[in-house]
Structures are given as C-alpha cells and as structure tokens.
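Counting begins at 1 with the first residue of the sequence. Read the numbers this way: they start at 1 and go in the same order the structure lists the ligands and their atoms.
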Amino acid sequence: MNQHRAPDARTGTPVESIRSPFDGSEVGQMPVAGEAEVEAAILQAGKSFQTMRRLPRFVRADILEGTAEIIRGRKEEFARLIAQEAGKPLYDARGEVSRAVFNLRNAAAEARSFSGAEIPLDVDGSVFEYQSTRSDGGALDLAQADLEQLAGLRRRLGLARRYPIGPILAIAPFNFPLNLVVHKVAPAIAVGNSVVIKPAPQTPLTSLKLVDALEEAGLPKGAVSVVHCPVALAETMVKDERYAMVTFTGSAKVGWHIKSIAGRKKVALELGGNGAVIVGADADLGFAAARCVRGGVVYGGQYCIGVQRIMVQRPVYDAFKAKLLERIAACKVGNPLQEGMDVGPVIDSRSADRIESWIKAAREGGARVIAGGERQGNVITPTILEGTKPDMLVEREEIFGPVMTLSPIDSIEEGVRRANDSRYGLQGGIFTNDLRAALRALEEWDVGGLMINDVPIYRIDNMPFGGWKESGFGREGTRFAMEEMTDIKFLVVNYN
Ligand code: NAD
C-alpha cells in the first residue's frame, strides 16, 4: 500500500500519508480511525438521523443544490486532488467532478418529487364477503345491490409512503473517489438518512473535501462523516446492527463477503465486470473502434464497466482490427497531471504486477500481443491481445487495466453466448443497425444495462445501474438508490 503511518505531532492521532500512484509524492495526510472513532461515528450517525428524518424536503434539496454549486466553483481543486490521489488523467478527473455536480442537482430534484404510491383498495369486495361476481359467474346485479354499502367500500384511502431507514454505511472504491461517494451520499440525504463513509484507502482525501462542501452548504455537522480505517474495523462496522444498510461499491470478492456478514441490515452491492462488446458486420467500424478504445483505456481501464472483451463478426474482423490499432496507437500515455493524457498509471504496483502477470500468462497460453503490453512504473501501455482462450484470466476475470482481447465470431448469437459465459453481468455493448438482432440480444444477454451502438462504459447518473449475476445486488442511480435507502409504511384510512 502506498501509505505511511505516523502520529500527528499536534493531536497524537495516527495519520497516514496519501501518495500519488504515479510518482509516490505525498498528496496529503489523513487521520486514521481506531475503535473509539468507529464507535463515535455510529453514535453520531444515530443522533444525526433523528435530525435528518425530520427535515422537510426543501431543506434537504437546498443542501444538495448548495453543495453542487460549491463543488462547481471548486471544480479545478477537486479535479486536481482526484488526479493526484487516484492517478486519474485531468480530463477524466474534471469529467468526474462535473458528473458529481449533476448527481447532486439531480438528487435535489428527486428529493422534491420522490414519493410512494396510492394503492386502490376497492379492487376486491370479498374481504367484506361481498361478491364482485355472482356465484354463477355473471355480473353483479346492481338492481339488487345495496348501493350505499357498495359506495362505502370505496371510502378507504391506501398510501404506500416511503421513509428513511437510518444510518447508512457507505463503502467506496478508489476509482471514482468523488462521484461514486456522491452516488451513495446524495440519495441518502435526499431521503433523510445519515451516512458514514468508509472511503477507499488510496483516496480518502476527496471524501473529506466532499463533506466540507456538504457542511458549508448547510448539512448538519456529523450527518455525513468519514472513517478511514483498517479493513478489520470496516468489518466491525458492516456487522454493527445500528447501521440500517450497507451500500458497497468495489470488487465482487469483497462485496459478497460483506453481504455474508452484514446480518439483518439491507445490503446493496455494485461490483465488478469483464465488459463485452459485439461488433456486427454492418457496424460503423470507425465509430465502434474509437468507442472501444475509449471504453478500454479510460483511466487505465479501471472502470467497472470498461471494455475488456471485443468480439467482431468475421467479415469485418480485419478492417475493424486495423482501425482499433490505429486508434490505440494514438493514445497519449503518462503523467495524469499533464494536460491531454489519455492513460495514466494504475492505482498501485500490486495492480500493475497482477495485470502484467495476466498478460504474460495469456502469451504463454498462445495469445499474441498486437498492441502495447509494456510497463513503466505503474503505467501499463494500452494493450490488445488476440488469440486468447475463454479460460484465460484476461477473458474470465476482471482485468481492471487498459487491456482488451479481440476475437472473431460467426454470428451475433455466438457473441451473446460468449459474453454470457462469465460470472459477471454488469453492462454490455453491441454495434449493429440490425434492430431485430440487437433486441434479441437484450432478451438473451444477462446484464444490468445493454448499449446498442455504444460501449458498456456509457452511464448517465440517473440511469438504474447495477449488475446481474456476481456483478451486483440492488441498483444505484439517484432515484433507484433512494428506493433502496427507504422502506414502506402502508397507511389505510377508512373515512366511512
Ligand atoms: P475493493 O473491493 O478492493 O475495495 C472496495 C472498498 O472495500 C475499499 O474501501 C476497501 O477498503 C473496502 N474493503 C475491503 N475489504 C473489506 C472488508 N473485508 N470489509 C469491509 N470493507 C472492505 O475494490 P477497489 O479495488 O477499491 O475497487 C475496484 C473494484 O470496484 C473493481 O472490482 C470494480 O469493478 C469495482 N467497481 C464497481 C463499480 C460499480 O458501480 N459496479 C464502480 C466502481 C468500481
């Protein structure tokens, strides 16, 4: 881990030095929570929940909008911090900040309009032994019926109302230190929950900066807090029944483990994938190649919905490959703080070692590296492998690096079958103008989102977002997360 632990001279609290994955320089210092801070965080979250649940919608919406404005005004500051602690190229870090601003504004709008449902109750008379049909199956004889009694059956109002459930534990990954935290915090505030953020160990400073902005915009102090702690203490929090929910984004391995120890609380999991793309024989090959390269190399391939497995129909395979190679050769690789970079480092040397070893194993198994495959420090050059086999790690597992595999297919159906031959099912993409084939692919492809004429990295933050199979449990996307973070109380009013 690229951190160093030392006590803060003024407070005695242990602090960790957060370092750049590109050159190891210190980005900042972060206090490390121990058992006492973990306990204080849940006590504070419990107290704050009693305030949050009582705030009217306009107050919560104003806080979210105010935070969006503050972050918009500090866009460059946030982007530089993300670029430094996560090693994300500035262009993409700025994009992340803009998305977070939208996400907060959207949550404010949803806070104003989000509601439950009126459920009609006069749909069944049998509860009052009133037969809506005669025993011989004919219609009710209204001439014989007691109309006043019938009208009385209508005088019941049924309302499913949604209520915040309590303190939420939000565990975040390193790759979107701002926007993926906002994906948890903004819907929670929108419905009136309190939150404790457990940020990724590599990128906790952005979370602190987000909480500063929230408090500056009027969020009651302590309603959202940050606990940067060792994994063992994070597990203690996951098991703590005083949290009403744990919302986790990260790897499938950790996510499903968390679900197994979370007890009775709600759990939402946003996990990994090994995104597949099908390029049909009728596709716009230049566009498809450009999107595949962007989808495969953006932020060093460290997107849960990044492009990993590209399958191309045989008649256009060579033409597509030529365009893909041309595009990938044009990628600028290096320092994420330098303007115009497409690809920076991966998050740490452990990740770089793993990616390198998977490429090596594929090579030894007979695959050919037709682009990239080199490494300098933690920077892996955008890589394309040809001749891979389905059981290779680069096909089967989530690579989480700028590495794609390229294979020919005989039909779109074969592509969907191969895409499905994975324990993951986050998002997929298919380039074709054959609507029939594309819609049939949707029927068969087990994924949380399918992009026709685009790659799986496409995401607008109000979309329902989540995975099938081992890629997830529940949905994010503002309104969908708000549903997960609330529970229903059903009200019946008899006004007879
Ligand atoms: P990770 O699973 O290693 O860590 C995620 C978080 O969980 C970190 O904060 C980590 O400290 C914490 N953690 C680890 N072990 C824990 C435990 N036993 N108990 C409690 N907390 C624990 O993931 P990462 O390397 O930070 O992120 C990369 C992964 O995240 C990839 O698999 C990627 O696909 C996934 N991801 C998914 C989405 C999505 O929305 N589906 C988005 C981004 C990233």
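- At least one heavy atom of Ala172 sits under 4.0 Å from some atom of ligand 1.
- Within the 4.0 Å heavy-atom cutoff, Gly467 does not count among the residues contacting ligand 1.
- Contact atoms of ligand 1 toward Val231: 14 (C), 15 (N), 16 (C), 17 (C), 18 (N) (distance under 4.0 Å to a heavy atom of the residue).
- Comparing Cys229, Ser471, Ala252, Ala234 by heavy-atom distance to atom 20 (C) of ligand 1, the nearest is Ala234.
- With a 4.0 Å cut-off on non-hydrogen atoms, Phe176 does not touch ligand 1 at all.
- Using a cutoff of 4.0 Å between basic side-chain nitrogens and carboxylate oxygens, Arg375 and Asp353 are scored as salt-bridged.
- Residue contacts with ligand 1 for Glu398 involve side-chain atoms from C-beta outward but no N, CA, C or O (heavy atoms, distance under 4.0 Å).
- Residue nearest to atom 18 (N) of ligand 1, selected from Glu397, Glu235, Gln202: Glu235 (by heavy-atom distance).
- Relative to the six-membered ring of Phe248, Lys198 misses at least one condition, a distance below 6.0 Å or an angle of at most 45° to the axis.
- Remark: distances from the non-hydrogen atoms of Tyr303 to ligand 1 are all 4.0 Å or more.
- In this structure, the protein non-hydrogen atom closest to atom 11 (O) of ligand 1 is Lys198 NZ, 2.7 Å.
- Within the listing of ligand 1, atoms 2 (O), 5 (C), 6 (C), 7 (O) sit less than 4.0 angstrom from a heavy atom of Phe248.
- If you number the atoms of ligand 1 from 1 as listed, the ones under 4.0 Å from a heavy atom of Ser251 come out as 1 (P), 2 (O), 23 (O), 29 (C), 30 (O), 32 (O).
- Residue contacts with ligand 1 for Asn175 involve side-chain atoms from C-beta outward but no N, CA, C or O (heavy atoms, distance under 4.0 Å).
- Ranked by closest heavy atom to atom 14 (C) of ligand 1, the top entry among Leu180, Ile197, Val254, Val246 is Val254.
- With respect to the salt-bridge test (charged N to carboxylate O, under 4.0 angstrom), the residues Glu216 and Arg74 qualify.
- Atoms of ligand 1 found under 4.0 Å from any heavy atom of Leu271, numbered from 1 in the order shown, are 34 (O), 37 (C), 38 (C), 39 (C), 41 (N).
- Of the N or O atoms in Ile171, none lie within a sub-3.5 Å distance of an N or O in ligand 1.
- Within the 4.5 Å cutoff, no side-chain heavy atoms of Met451 are placed close to those of Val277.
- Between Glu76 and Arg80 there is a salt bridge, with a side-chain nitrogen of the basic residue lying less than 4.0 Å from a carboxylate oxygen of the acidic one.
- Counting atoms of ligand 1 from 1 in the listed order, those under 4.0 Å from a heavy atom of Pro199 are 9 (O).
- Ion pair Glu476/Lys184 flagged as a salt bridge, since at least one NZ, NE, NH1 or NH2 atom sits closer than 4.0 Å to an Asp/Glu carboxylate oxygen.
- Between Glu65 and the options Arg72, Arg112, Arg60, a salt bridge (Lys or Arg N to Asp or Glu O under 4.0 Å) holds for only Arg112.
- Counting the atoms of ligand 1 from 1 in the order shown, those under 4.0 Å from a heavy atom of Glu270 are 37 (C), 38 (C), 39 (C), 40 (O), 41 (N).
- Short contacts between ligand 1 and Ala200, defined as distances under 4.0 Å to a heavy atom of the residue, involve ligand atoms 9 (O).
- Remark: among candidates Cys304, Pro230, Gly272, the nearest residue to atom 36 (N) of ligand 1 is Cys304, based on non-hydrogen atoms.
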